[in-house]
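Data first, discussion second: the structure below is written as structure tokens.
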Amino acid sequence: MKLIISEKEIAARRIAHILAGNGVDQEKVYGVPVHHFKIDGEDYRVIGLKGHILKVDYPKEYANWFKVDPIELIDAKIEKIPIQKKIIQALNKISSDADEIIIATDYDREGELIGYDAMQLVKEKNALAPAKRAKFSAITPKGINQAFSKLGRIDLDLAFAGRARQDIDLIWGATLTRFLSLSTYQIKDKFLSVGRVQTPTLTLIVDRELEIKSFITTPYWVVSVKLKTESGEEFEATHKKKRFLKKEDAQGVFIKLGDRGTVLGINESVRDIKPPTPFNTTALIISGSSIGFTASKTINIAENLYMNGYISYPRTDNTVYPSSIDVKEIARMLGSSGEYSRMSEAVLAQKKIVASRGKRRSTDHPPIHPTAVAQKAGLSSDEWKLYDLIVRRFICTLLPAAKIKIIIATIDINGEPFIANGSNFIEQNWIKFYPYYKRRDVFIPQLKEGQIITVTGKELLDKKTKPPVRYTQGMLVEKMEELGLGTKATRHTIIQNLILRGYVSGNPLQPSEKAIAVVKMLKKHAEKISSPDMTSELEMYMDGIVRGDETKEDVVDRSRKMLSEVMTVLQNEKDEISQEIKKAIREDLVVGKCPGENCNGDLIVRTARKTKKRFIGCNAYPECRTTFSLPQRGLLVTIREECKHCGYPIVKIIYKGRKPWDLCINPDCPGKDEKYKNYNNNK
DNA sequence: GCAAGGTC
């Protein structure tokens, strides 16, 4: 019997069907599906794993944070521990009769490691069976048949590069997390996490917040006019010098303006607006963000749609349709749904269909596209929203660019030049079907040089320069991808973790004082872990392992030495680090101003001495005895906002896996019922 | 109880 091991169940099923056609039987071994079939009298079995089946961790002796100095974790032994017990049992059971093992996990570094781990487990039961490797970049008949007709061997160096990554992430993460948590007494569920990906990501958010805080707004003035042609068409223009930095200058112009203007010149140009590129995971998350979904929500819904067969695999880097995908056929299929018939026709009416393509081309999976027609009634409203987005995006990638006419007219008013901008779509093409695209027509009438225009109104506008905006989850995922932080499958979980740790909240993301202090201290004393460079260096070293230039041990040991040096600095600066972070944590506990009569105090989150329950009290205690109760479960985040119903402070309560709950602390708040209702609807 | 990476 030949045993084929794939990375996931769906891949196992498809590989079996491609190799055997219809003659595939399925049995369950310890509840795990195993597909079997015969080719030329030879028995085959295919089992799908669930990603990694082993994890790395320290031995039990290191589990107690108080009994182990974090420094010891740097050189401690690391073990591999089973995390998919059922799958391992099933693998053990079926591997004893195998006379050949074929590793058919995804063809990338983690896939090689997953396959290597599985191979080692099989070899414990069956040392004699040779192990081979099927390398394919798409689970299509062509890809699979080619791979199985030309089997290779497991690339040990590639797997070891993955193992180096696992070890280094654990060593740095565990050592620094424990050090920071212990030195600030933030333990149990309040621990302060640190990691190769999460800390640089948090640094991005914190840096942006500091930029916003230190931004100095400068005032400027804009002069604009309302205009009308003889035939009564109205439009607007602003002074050519868009921003006046001195009010007197703007006023000087404003006063000069009379009630007539002359068209000095008109500049017309036609521009293409290209259709969007095919969706990869990052682009989907960004678009999801623009329809109000968090990164995790988009991924969870996409995962569901995929499991139910409506869309293709949602974890991909690829933005170029491979030739194995028949885009025309998919467009035709979508046409059978009333919702999309017009869009489908628009695609099929073209003489030649040219698909747009993005910059990233990889062969892991195709871009995310619809694979079946869904009925609106068969999906939840959120599922439908995302499905509709994916369908429309797909259709648009197959349509020609929109054409837009841009008109810029210069108009003289008493010697002052004004500019009127307008744009009209000449051909909408894909834009008709893509409501997520924001650009709209801006009307401007047909003008002639020398034409006289009536000035019907004039305005002198006070404006201010604005600070940069906070990151939305979508923007952050995009930035992470650009910097090489995390992967398509992990970026949203990294953000989710930062929220769960109490480091950031809200969308757009705002860091807590604790996060600002943690980043400040790590930047100052452990710069390595706060920068994306650590990831790019790691990638470089892993490439070295793959090439055979160095061993996994060399790389991990060098990393251990670096961490030792970092820890020496941190130990020396422990007092400063501890004080700065603890001060910030105290600031995070401030809920808002105390509403007590004649009280100037601040409301603070406190813990009752006897019951250990949390509540809100005034810092002017015992003079002021104002208190408020709080829910005991969930992560509490102070956001220093006031309730729009009663003006009392609002706190955010975050339960794992639920939508954050904005809670007004006032038990008699007139908006209470409404809010509670909303909370129930949204959870 | 720590990380990041797979997948559900």
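Residue numbers start from 1 in every chain, and the chains themselves are labelled A, B, ... in the order their sequence lines are given, proteins ahead of strands.
First and last contacting nucleotides of DNA chain B toward chain A (any atom under 4.0 angstrom from a heavy atom, 5' to 3' order): B:dG1 to B:dC8.
The backbone N or O of A:G502 lies less than 3.5 Å from no partner atom in the side chain of A:K190, so there is not a single donor-acceptor pair. No donor-acceptor pair under 3.5 Å is formed between the side chain of A:E112 and the backbone N or O of A:L156.
A:D554 and A:T551 form a side-chain donor-acceptor contact under 3.5 Å, judged by distance and modelled atom types alone.
Backbone-only engagement by A:Q198 is indicated by non-hydrogen atom pairs under 4.0 Å involving sugar-phosphate atoms exclusively. Across all strands shown, A:R501 has heavy atoms under 4.0 Å from sugar-phosphate atoms exclusively, and none from any base. Here A:G486 lies in heavy-atom contact (under 4.0 Å) with sugar-phosphate atoms only. Contacts of A:Y313 with the nucleic acid, taken as non-hydrogen atoms under 4.0 Å apart, involve only primed sugar atoms and P, OP1 or OP2. Nucleic acid contact for A:I187: base, since at least one base atom lies under 4.0 Å from a heavy atom of the residue.
For A:Y313 and A:Y306, the ring centers are positioned less than 6.0 Å apart.
In this structure, A:M521 and A:L180 have side chains that are not in contact, with every pair of non-hydrogen atoms separated by 4.5 Å or more. Looking at heavy atoms from C-beta onward, A:W172 lies in side-chain contact with A:M562 at the 4.5 angstrom threshold.
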